[in-house]
Engineer: 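Sharing a structure here in structure tokens format.
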Amino acid sequence: MSWGLEHVSVDVDRAPALIDVDATVAPGEVLAIVGGDGAGKTTLARTLVGLLRAKTGVVRRPESTRIGYLPATSGVWPDLTVTENLAFVADVHRMSRQDRASRVHHLLAVTELTAAADRLGADLSGGMRRKLGFAMALLAEPDLIVLDEPSTGVDPVSRADLWALMTAAAVGGAAVVFTTTYLDEAERARSICALEAGRVLASGTLGDIAASVRGEIVDRRSDGSRSWRRGRQWRTWRPDGSIPDGSARIDADLTDLLVAASLAAEEAM
């Protein structure tokens, strides 16, 4: 059974926030939802866990007790300690005292929060709060884990730690969905769904997305309207597949592919 959205449209404050979106993930897989501010990432995450209602389409998810959710705010109660935050979630899931103790001990260890177990949520760093929020989402060993920008605002080491936790959850059989603005991070996922203004811009594996972008991306500026800068270098999307003299085809990464896909979408309008 796969979880996700099938032809889903959602309105927020009477305005379209998602439009005919497909995004599914199977157990044991990681799906990255990418896009800029206002693209619809948080709306998708909230719709998937049941906090927003779809106007049209089908949302497939397990029962609420089998969903782990990390909101963009981390979901940590600032006036509770690390252990008390985890214990509260355990009580909500009606876990036995023995199971709760075992899971809390394990999650404190894997998130490297054992030494901070008695610290208040308000006193944690941003990275530690995200780790605690992730531990809270994992506590009941859910079938579906949805993480809204879990690594935003945290240091590179904490980002790597969070990715390791996501991978471990998927290896354990959970379906993992996370939203992000970090495209290098998204490339590590099994599949990707890129949103733009509430619509799917591109989706599938990185190879699927590369195959869906017609033409070629070359390493020089040759057309102002279809060129963009990457550091000190230029890229140009050539929809006809031609490669100008002095240029060479590049092995495009996700950033280049999504820029080309966005340009193609604009020209198709």
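Along the sequence shown, residues are numbered consecutively beginning with 1. As the structure is a computational prediction, the values presented were derived from the model and not from experiment.
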Engineer: So which heavy atom on L31 is nearest to which on A189, and how close?
Structural biologist: C-CB, 4.4 Å
Engineer: Please determine, by modelled atom types, if D99 and S96 share a side-chain donor-acceptor pair under 3.5 angstrom.
Structural biologist: yes
Engineer: Just to verify, which of V200, I209, T179 counts as forming a side chain to side chain contact (heavy atoms under 4.5 Å, CB included) with C193?
Structural biologist: V200
Engineer: Before you tell me yes or no, could you show the steps for Q233 and D219 under side chain to side chain contact (heavy atoms under 4.5 Å, CB included), namely the whole-Å CA-CA distance, both residues' side-chain angles and the distance that decides it to 0.1 Å?
Structural biologist: CA-CA 7 Å; Q233 298 179 325; D219 64 353; over 6 Å; no
Engineer: Given side chains that start at C-beta, do those of T56 and V8 come closer than 4.5 Å, heavy atoms only?
Structural biologist: no
Engineer: Between V58 and H7, is a side chain to side chain contact (heavy atoms under 4.5 Å, CB included) present by the stated rule, with each step listed?
Structural biologist: CA-CA 7 Å; V58 176; H7 299 293; over 6 Å; no
Engineer: Side-chain contact, heavy-atom cut-off 4.5 Å: V218 with I250?
Structural biologist: no
Engineer: Can the ring centres of W163 and F178 be said to be less than 6.0 Å apart?
Structural biologist: yes
Engineer: Does any non-hydrogen side-chain atom of R66 lie less than 4.5 Å from one of L144?
Structural biologist: no
Engineer: Do any N or O atoms from the side chain of N85 and from the backbone of V76 form a donor-acceptor pair under 3.5 angstrom?
Structural biologist: no
Engineer: Any heavy-atom pair between the side chains of I67 and D143 that's under 4.5 Å?
Structural biologist: no
Engineer: Would you check if the side chain of T111 reaches a backbone N or O of L132 as a donor-acceptor pair within less than 3.5 Å?
Structural biologist: no
Engineer: Do the side chain of D13 and the main chain of A15 share a donor and acceptor less than 3.5 angstrom apart?
Structural biologist: no
Engineer: Applying salt bridge (Lys or Arg N to Asp or Glu O under 4.0 Å), can you list everything that pairs with R159, at least two apart in sequence or on another chain?
Structural biologist: D184, E185
Engineer: Looking at E149, is its backbone amide N or carbonyl O close enough to the side chain of R130 to form a donor-acceptor pair, meaning the two atoms are under 3.5 Å apart?
Structural biologist: yes
Engineer: Using a cut-off of 6.0 Å, state whether more than 12 heavy atoms not belonging to R230 lie near its atom CZ.
Structural biologist: yes
Engineer: Looking only at heavy atoms, which two atoms of S151 and L162 are closest? And how far apart?
Structural biologist: CA-CD1, 4.1 Å
Engineer: So, for G36 and K41, which heavy atoms are closest and what is the spacing to 0.1 Å?
Structural biologist: O-NZ, 3.0 Å
Engineer: Given 3.5 Å as the limit, does a donor-acceptor pair link the side chain of K55 with the main chain of V10, or not?
Structural biologist: no
Engineer: Taking side chain as C-beta onward, heavy atoms only, is L120 less than 4.5 Å from D79?
Structural biologist: no
Engineer: Do the non-hydrogen side-chain atoms of R119 and T81 ever get within less than 4.5 Å of each other?
Structural biologist: no
Engineer: Is a salt bridge present between R97 and D91, judged by a nitrogen-to-oxygen distance below 4.0 Å?
Structural biologist: no
Engineer: Checking R103 side chain against L139 main chain: does a donor-acceptor pair fall under 3.5 Å?
Structural biologist: yes
Engineer: Could you check if a side-chain atom of L206 sits within less than 4.5 angstrom of a side-chain atom of D208, using non-hydrogen atoms only?
Structural biologist: no
Engineer: Examine distances only and state if a side-chain atom of E187 and a backbone atom of L254 form a donor-acceptor pair shorter than 3.5 Å.
Structural biologist: yes
Engineer: Give the C-alpha distance, both sets of side-chain angles, the deciding distance and a yes or no for side chain to side chain donor-acceptor pair (under 3.5 Å) between E196 and S262.
Structural biologist: CA-CA 8 Å; E196 186 171 77; S262 181; 2.9 Å; yes
Engineer: Begin from the C-alpha positions of L257 and D253 and carry the test side chain to side chain contact (heavy atoms under 4.5 Å, CB included) through to its verdict.
Structural biologist: CA-CA 6 Å; L257 292 170; D253 62 10; over 6 Å; no
Engineer: Do side-chain atoms of T236 reach the backbone of S222 as a donor and acceptor pair under 3.5 angstrom?
Structural biologist: yes
Engineer: Please check if the number of heavy atoms outside R199 that lie under 6.0 Å from its CZ is greater than 12.
Structural biologist: no
Engineer: According to a hydrophobic-cluster definition based on side-chain heavy atoms being under 4.5 Å apart (Ile, Leu, Val, Met, Phe, Trp, Tyr only), do I145 and L51 belong together?
Structural biologist: no
Engineer: V176 and E29: side chain to side chain contact (heavy atoms under 4.5 Å, CB included), yes or no, with the steps?
Structural biologist: CA-CA 6 Å; V176 180; E29 293 184 352; over 6 Å; no
Engineer: What's the separation between atom CD in E6 and atom CZ in R60, rounded to the nearest 0.5 Å?
Structural biologist: 4.5 Å
Engineer: What pairs with R221 under salt bridge (Lys or Arg N to Asp or Glu O under 4.0 Å), at least two apart in sequence or on another chain?
Structural biologist: none
Engineer: Spell out, as yes or no, whether a donor-acceptor pair under 3.5 Å connects the side chain of R190 to the backbone of A32.
Structural biologist: no
Engineer: Please, which pairs that meet salt bridge (charged side-chain N to carboxylate O under 4.0 Å, His left out) have at least one residue in residues 233-250, sequence neighbours excluded?
Structural biologist: E216-R249, R235-D256
Engineer: About how many Å separate CD1 of I217 and CH2 of W237, when rounded to the nearest 0.5 Å?
Structural biologist: 9.5 Å
Engineer: Find out whether R100 and L86 are in side-chain contact, i.e. whether some heavy atom of one side chain is under 4.5 Å from a heavy atom of the other.
Structural biologist: no
Engineer: Has the side chain of S9 got a donor or acceptor atom that lies under 3.5 Å from a matching backbone atom of D20?
Structural biologist: yes
